[in-house]
Amino acid sequence: MPVIRKVVRGFRDPSVTQIAKRSRSPFRVLVSTVISARTKDEVTGAASERLYALASTPEEMSRLRITSIEKAIYPAGFYKTKARTIKKLCRILVDEYGSMVPDEIDELVRLPGVGRKTANLVLTLGFRKPGICVDTHVHRVCNRLGAVKTKNPTETEFALREVLPKRNWIEINDLLVMYGQAVCNPVSPWCSRCGILRHCGCVGVTRSR
DNA sequence: AAAACGGGGGC
DNA sequence: GCCCCAGTTTT
């Protein structure tokens, strides 16, 4: 992990940390993350702020009109779907969880619009609990390295759980994704800047730069 | 396993 | 125009 930290240094995008810091409460992390699916961070951040300005609690948010939510989170991708999801999500939080966000992954993934990636982000960022967030970047990087051969992000999450240090969850999640975005990116991996190239199965396959 | 959801931004 | 994008749900 120190190697990855070194490799990624200089590529860290402060916007991620900013959003994380602003959105510390589990509820804010949850809503921000639902908005963030297939959407750039700057857009997610702006959309989240507009929505929180309208409603800052599950009760308030569950009472917003769908169209108000849509307007607030536009131009995030899937904004119509997400608006309905968020309203439904908040209603469930109010009705079934006493307006609190559950802090167990099995409960979180039961919520609409919440998959394992989102659930783990809520656990780590919102509750400071253990969790490994596997998005498409992390899934790709792990398999490109050849260290694991997993079919889907959930399998990758379980594989990583056996390997990663069991601490510093937030930083490790951040570094893994940063690494996948900035260095070991999909199209043109920056192999000359990669500190773990000698362990990499991508040599001769996707290697470049 | 693959399609659908959906629109903005880069080129 | 065409392709990409910190996913989740449905078929």
Side-chain angles (χ1 to χ4, degrees), chain A residues 4 8 11-24 26 28-51 66-67 69-90 92-93 101-102 105-126 131-144 149-157 160 164 169-190 206 208:
Chain A
I4 293 184
V8 174
F11 294 97
R12 185 187 287 273
D13 178 355
S15 64
V16 175
T17 316
Q18 294 309 321
I19 292 171
K21 284 205 166 84
R22 278 203 305 271
S23 312
R24 276 303 182 209
R28 286 173 75 99
V29 175
L30 177 57
V31 177
S32 293
T33 311
V34 168
I35 294 173
S36 80
R38 303 295 286 170
T39 302
K40 298 273 197 211
D41 285 325
E42 308 86 62
V43 178
T44 299
S48 300
E49 291 307 315
R50 284 194 297 275
L51 179 56
I66 301 271
T67 52
I69 303 180
E70 287 179 0
K71 195 177 173 197
I73 67 177
Y74 184 88
F78 301 94
Y79 69 97
K80 283 174 182 290
T81 307
K82 287 173 183 173
R84 283 181 169 70
T85 298
I86 288 169
K87 188 172 168 69
K88 193 185 307 177
L89 183 60
C90 291
I92 293 175
L93 290 182
V101 176
I105 191 160
D106 291 340
E107 298 293 328
L108 285 166
V109 295
R110 200 167 295 158
L111 299 169
V114 179
R116 295 198 65 87
K117 186 259 178 180
T118 301
N120 277 303
L121 203 62
V122 171
L123 286 181
T124 56
L125 242 37
I132 298 168
C133 302
V134 177
D135 59 15
T136 52
H137 286 301
V138 176
H139 181 60
R140 180 194 63 254
V141 166
C142 289
N143 283 278
R144 187 183 270 167
K149 293 179 180 58
T150 49
K151 293 267 186 293
N152 55 56
T154 302
E155 280 187 25
T156 304
E157 182 192 328
L160 283 176
L164 293 178
W169 305 97
I170 294 177
E171 182 186 20
I172 287 171
N173 285 330
D174 197 29
L175 291 177
L176 284 174
V177 178
M178 285 292 110
Y179 182 74
Q181 284 188 163
V183 181
C184 197
N185 64 58
V187 254
S188 179
W190 207 337
T206 51
S208 65

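The shown structure was predicted, so the numbers you read here are calculated from the model rather than taken from an experiment. A note on names: the letters A, B, ... follow the listed sequences, proteins ahead of strands, and every chain is numbered from 1.
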Q | Residue A:Lys80, side-chain heavy atoms: nucleotide from B:dC5, B:dG7, C:dA6 that is nearest | A | B:dG7
Q) Picking from C:dT8, C:dC5, C:dA6, which would you name as closest to the side chain of A:Asp135? A) C:dA6
Q | side-chain contact (heavy atoms from CB on, under 4.5 Å) partners for A:Lys71, two or more places apart | A | none
Got a list of protein N/O to nucleotides 2-4 of chain B N/O distances below 3.5 Å?
none

Q: For A:Lys117, check side chain to side chain donor-acceptor pair (under 3.5 Å) against everything at least two apart and list the hits.
A: none
(Q) For A:Arg116, give me all partners under salt bridge (Lys or Arg N to Asp or Glu O under 4.0 Å), at least two apart in sequence or on another chain. (A) A:Glu157
Q.
Going by side-chain contact (heavy atoms from CB on, under 4.5 Å), name the residues that satisfy it together with A:Ala72, two or more places apart in sequence or in a different chain.
A. A:Arg50, A:Leu51, A:Leu54
Using a cut-off of under 3.5 Å, enumerate the N/O to N/O pairs linking the protein to nucleotides 9-11 of chain C.
from	atom 1	to	atom 2	distance (Å)
C:dT9	OP1	A:Gly113	N	2.5
C:dT9	OP1	A:Val114	N	3.4

Q: Could you work out which one of B:dA1, C:dA6, C:dC5 sits closest to the side chain of A:Lys117?
A: C:dA6
Q | Rounded distance [0.5 Å steps], OG1 in A:Thr85 versus CD1 in A:Ile66 | A | 9.0 Å
**Q.** Contacts of type side chain to side chain donor-acceptor pair (under 3.5 Å), residue A:Thr156, not counting sequence neighbours
**A.** A:His139, A:Thr150
Q: Nearest whole angstrom, please: distance from the P of C:dC4 to the CZ of A:Phe78.
A: 15 Å
**Q.** side-chain contact (heavy atoms from CB on, under 4.5 Å) against A:Cys184, all qualifying residues, sequence neighbours excluded
**A.** A:Val141, A:Arg144, A:Tyr179
Q: Using a 3.5 Å limit on both pairing distances, list the dot-bracket string of DNA chain B from the 5' end; Watson-Crick and G-U wobble pairs count, crossing pairs take [ ], interstrand pairs take |.
A: |||||.|||||
Q: Could I get the full list of salt bridge (Lys or Arg N to Asp or Glu O under 4.0 Å) partners for A:Glu107, not counting sequence neighbours?
A: A:Arg110
Q) Under the side chain to side chain donor-acceptor pair (under 3.5 Å) test, which residues partner A:Arg140, sequence neighbours left out? A) A:His137
(Q) Measuring from the side chain of A:Thr136 (C-beta onward, heavy atoms only), which nucleotide among C:dG7, B:dA1, C:dA6 has the closest atom? (A) C:dG7
Q: Only counting residues at least two apart or in another chain, list the ones meeting side chain to side chain donor-acceptor pair (under 3.5 Å) with A:Thr118.
A: none
